[in-house]
Protein chains: 2
Amino acid sequence: MANIKEIARIAGVSVTTVSRVLNNHPYVSKDKRTAVLKTIEQLNYTRNMNAVHLITGRTGAVAVILPMINSFYFSVVMDGLAQAALMAQYRLILCQTNYVPEEELKVLNMLRNKEIDGVVIVSTALKPEMIEPYCAYGPIVTCQNSGERPYSSVYIEHYAAFRHGLDYLHSKGHRKIGYCEGRENGSSASIRQSAFQDFLAEKGLPFDPEWMIFDCVREEDGAEVARRLLDMRSRPEAMIISGDHVAAGLIIEARKHGLSIPEELAVMGFDNQPIGRLLEITTIDNQLYQMGSAAFEIVHKHIHGSSLPVTRKLEYRIIERSTV
Amino acid sequence: MANIKEIARIAGVSVTTVSRVLNNHPYVSKDKRTAVLKTIEQLNYTRNMNAVHLITGRTGAVAVILPMINSFYFSVVMDGLAQAALMAQYRLILCQTNYVPEEELKVLNMLRNKEIDGVVIVSTALKPEMIEPYCAYGPIVTCQNSGERPYSSVYIEHYAAFRHGLDYLHSKGHRKIGYCEGRENGSSASIRQSAFQDFLAEKGLPFDPEWMIFDCVREEDGAEVARRLLDMRSRPEAMIISGDHVAAGLIIEARKHGLSIPEELAVMGFDNQPIGRLLEITTIDNQLYQMGSAAFEIVHKHIHGSSLPVTRKLEYRIIERSTV
DNA sequence: GCTTGCTATGGAATCCATTTCATAAAATAT
DNA sequence: ATATTTTATGAAATGGATTCCATAGCAAGC
């Protein structure tokens, strides 16, 4: 109820002085400072932050766009973001958009509206040209390579990482290779798909469209893939699977049916998830937590001045375990 | 850059009229409305939401307090919260506090500061008496039974649910029962622990402190428990485990060492997680998604008037599969 | 002794939209 | 024909802080 004006009146100072006390400005005498603090205490006063946001033009909040939080991938990235935000004393607005473009645009409009100081786009259904105009209103960081676009990004080299995994399978002697992917048209999924097809073409390996399976998101989907593989007349010797959860489902189901892994079927996971460690799945770690924390650090820097867009590439590495 | 005043000047109307157009107020003539809309279009104007928040005293944002997002349990609750918030056109501020009380208090103070319209506390290190004073500043909903406290809650009957699970194990003939838990002093963990000890006492079952294992959070912890069990001279016949991820770790590791489940060791999970379905773990579903969505709906109702605190109890049920 | 620099303080402008109140014209009711 | 209601409009108050600018006392520098 009380405001800065009333504090000033009761403490016998100007509102400017009260504001100075609130903001730890040095030019306030000891007497006045204590008088102000006493009054604040007495009236149980706190700032109305909306007034602060209005006048300063800052809110101390950053929005995060992602399709769903209930997925290992996104919750790890979010964890990285959240820890970095906590350190920097920033607030994170979680915008779970289910890949609905209108919702994603609403979030970008929050930047225009000055409700937030920046946006981190972890994954989106929006095309880069839809995002670009919003750069005028504040910093935007994506988790996919933004290349020549005017916004920053932190990214994994999906193409190279995936090829690296394929090379590994190849080096282990596998020639008939299958592939499991999440959304067929996801932007990183498309990149991996190209990597897969380019690799097969370059090495002259057999390509069977039946060996390329999409919409594999949860453990259960992996189990379903295992069943499909068992029914095939011609089965791949190795599978590369985006997401260790899916790989886990496949492995458990396949073993249940007596298929031995890696002898009869090699499995290479992706994302280095905890379940993979437990099942000793050979996988590719691509630093999802770091992706989140780096993304936050970049928006944070942009908010505090640095305006040139940056692109930060993250390293990946194969974790050799026992399913290949 | 442009503001409502400038729009008014250029469109040749008063600021009041512009505000009416922005808020779809009926008492605006067609001519003036189109003139205003045209000017808004021309100047590429959008409201400064901070001014709106200041004058209306509302922000359309709700904060969520939870220790970590990167955990199945919390990410499912968060999913429920996020979907409900999306429907209601509300923003969610994710406050990952790592159970640091100071951070949690900061969030509650956002309510005082008028930065948010309400708070959902999914899990906290704060005692109820620390939370209570903040009820004066806005609606608070917890995900643990708030009983006679002046704030609302959505909760699972952890005591009853856990006993129900124990009863099930007992009905299947198990007498030597062990127990895996997450944080030893978590508020719901403590309830489960009492349920466990009360049950054993009432049924006159043997209690071995070695069979009660804490700090089991990830798959790996479950695997570690399996190894410990294998080393015991006297081993329980059944384990009740809070969290299917942990149960999965235990089962996989135990089987790796040749222990047959459920014959040599029965395992009852908790939370009905996807991994549990894959491994056919008998578990207790306790509607975590619904917990999130209900929690949001309750804050939402409070924000829009209804001030009496409510406590909403969620149902649980055993999912019989094949590990008991 | 005079200029410069630092400390301390307050007045007033500023950020920007909403809403109450007042007024008047037009439409409807009596 | 008069009284009442509805529609339309704007001036001004309101929400609550920050900050620029002006002023003044006092200390240090030359």
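In what follows, every chain begins at residue 1, and chains take the letters A, B, ... in the order their sequences are listed.
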Sequence neighbours excluded, every pair satisfying salt bridge (Lys or Arg N to Asp or Glu O under 4.0 Å) that has a member inside residues 13-33 of chain A:
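For residues 13-33 of chain A: none.
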Provide a list of protein-nucleic acid N or O atom pairs under 3.5 angstrom, restricted to nucleotides 26-28 of chain D.
none

Excluding sequence neighbours, so at least two apart, what forms side chain to side chain donor-acceptor pair (under 3.5 Å) with Thr17(A)?
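Only Ser14(A) meet the side chain to side chain donor-acceptor pair (under 3.5 Å) criterion with Thr17(A).
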Between Tyr151(B) and Cys135(B), what is the shortest heavy-atom contact and its length?
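Tyr151(B) and Cys135(B) have their closest heavy atoms at CD2-SG, 3.6 Å.
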Grab the [atom1]-[atom2] distance between [X] and [N] for me, whole Å please.
{"X": "Lys114(A)", "N": "dT14(C)", "atom1": "NZ", "atom2": "P", "answer": "18 Å"}
{"X": "Asp31(B)", "N": "dT7(D)", "atom1": "CG", "atom2": "P", "answer": "17 Å"}
{"X": "Ile40(A)", "N": "dG16(D)", "atom1": "CD1", "atom2": "P", "answer": "15 Å"}
{"X": "Glu115(A)", "N": "dC16(C)", "atom1": "CD", "atom2": "P", "answer": "15 Å"}
{"X": "Asn3(B)", "N": "dT18(C)", "atom1": "CG", "atom2": "C1'", "answer": "14 Å"}
{"X": "Asn23(A)", "N": "dC20(D)", "atom1": "CG", "atom2": "P", "answer": "13 Å"}
{"X": "Glu6(A)", "N": "dA17(D)", "atom1": "CD", "atom2": "P", "answer": "11 Å"}
{"X": "Arg112(A)", "N": "dC16(C)", "atom1": "CZ", "atom2": "P", "answer": "14 Å"}

Short N/O separations, protein against nucleotides 8-10 of chain D, under 3.5 angstrom:
{"residue": "dT9(D)", "atom": "OP1", "partner": "Ser29(B)", "partner atom": "OG", "Å": "2.8"}
{"residue": "dT9(D)", "atom": "OP2", "partner": "Ser29(B)", "partner atom": "N", "Å": "2.6"}
{"residue": "dT9(D)", "atom": "OP2", "partner": "Ser29(B)", "partner atom": "OG", "Å": "3.0"}
{"residue": "dT9(D)", "atom": "O3'", "partner": "Lys32(B)", "partner atom": "NZ", "Å": "3.3"}
{"residue": "dT9(D)", "atom": "O4", "partner": "Arg20(B)", "partner atom": "NH2", "Å": "3.4"}
{"residue": "dG10(D)", "atom": "OP1", "partner": "Lys32(B)", "partner atom": "NZ", "Å": "3.3"}
{"residue": "dG10(D)", "atom": "OP2", "partner": "Ser14(B)", "partner atom": "N", "Å": "3.1"}
{"residue": "dG10(D)", "atom": "OP2", "partner": "Ser14(B)", "partner atom": "OG", "Å": "3.2"}
{"residue": "dG10(D)", "atom": "OP2", "partner": "Thr17(B)", "partner atom": "OG1", "Å": "2.6"}
{"residue": "dG10(D)", "atom": "O6", "partner": "Arg20(B)", "partner atom": "NH2", "Å": "2.9"}

Mark yes or no for whether Asn113(B), through its side chain, and Glu115(B), through its backbone, hold a donor-acceptor pair below 3.5 Å.
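Not at all, since once roles are kept as given, no pair shorter than 3.5 Å links the two residues.
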I'd like to know if the side chain of Glu157(B) and the backbone of Glu315(B) have a donor-acceptor N/O pair within less than 3.5 Å.
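The answer is no, because no donor-acceptor pair under 3.5 Å joins these two groups.
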Validate the cation-pi geometry between Arg183(A) and Tyr99(A): distance from NZ or CZ to the six-membered ring centre under 6.0 Å, angle to the ring axis within 45°.
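Verdict for Tyr99(A): a cation-pi partner in Arg183(A).
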Among pairs that include at least one residue of residues 287-314 of chain A, which meet side chain to side chain donor-acceptor pair (under 3.5 Å), considering only residues two or more places apart or in two chains?
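Residue pairs passing side chain to side chain donor-acceptor pair (under 3.5 Å), neighbours aside: Ser152(A)-His302(A).
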Check ion pair Lys38(B)-Glu41(B) (N to O, under 4.0 angstrom)
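Salt bridge flag = no for Glu41(B) with Lys38(B).
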Where do Asn70(A) and Gln96(A) land on the side chain to side chain donor-acceptor pair (under 3.5 Å) test, with the steps shown first?
CA-CA 10 Å; Asn70(A) 178 19; Gln96(A) 174 165 302; over 6 Å; no
Rounded at 0.5 Å granularity, tell me how far CE in Met49(A) sits from CZ in Arg112(B).
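CZ of Arg112(B) is found 13.0 Å from CE of Met49(A).
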OP1 or OP2 of dT18(D) less than 4.0 angstrom from a side-chain nitrogen or oxygen of Ser19(A), does that happen here?
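For dT18(D), OP1/OP2 do have a side-chain N/O of Ser19(A) under 4.0 Å.
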For DNA chain C, which residues in residues 45-63 of chain A have a heavy atom at a distance below 4.0 Å?
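Residues of residues 45-63 of chain A that come under 4.0 Å of DNA chain C are, in numerical order, Leu54(A), Ile55(A).
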Pair Arg47(A)-Asn23(A), side-chain donor/acceptor within less than 3.5 Å:
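Yes.
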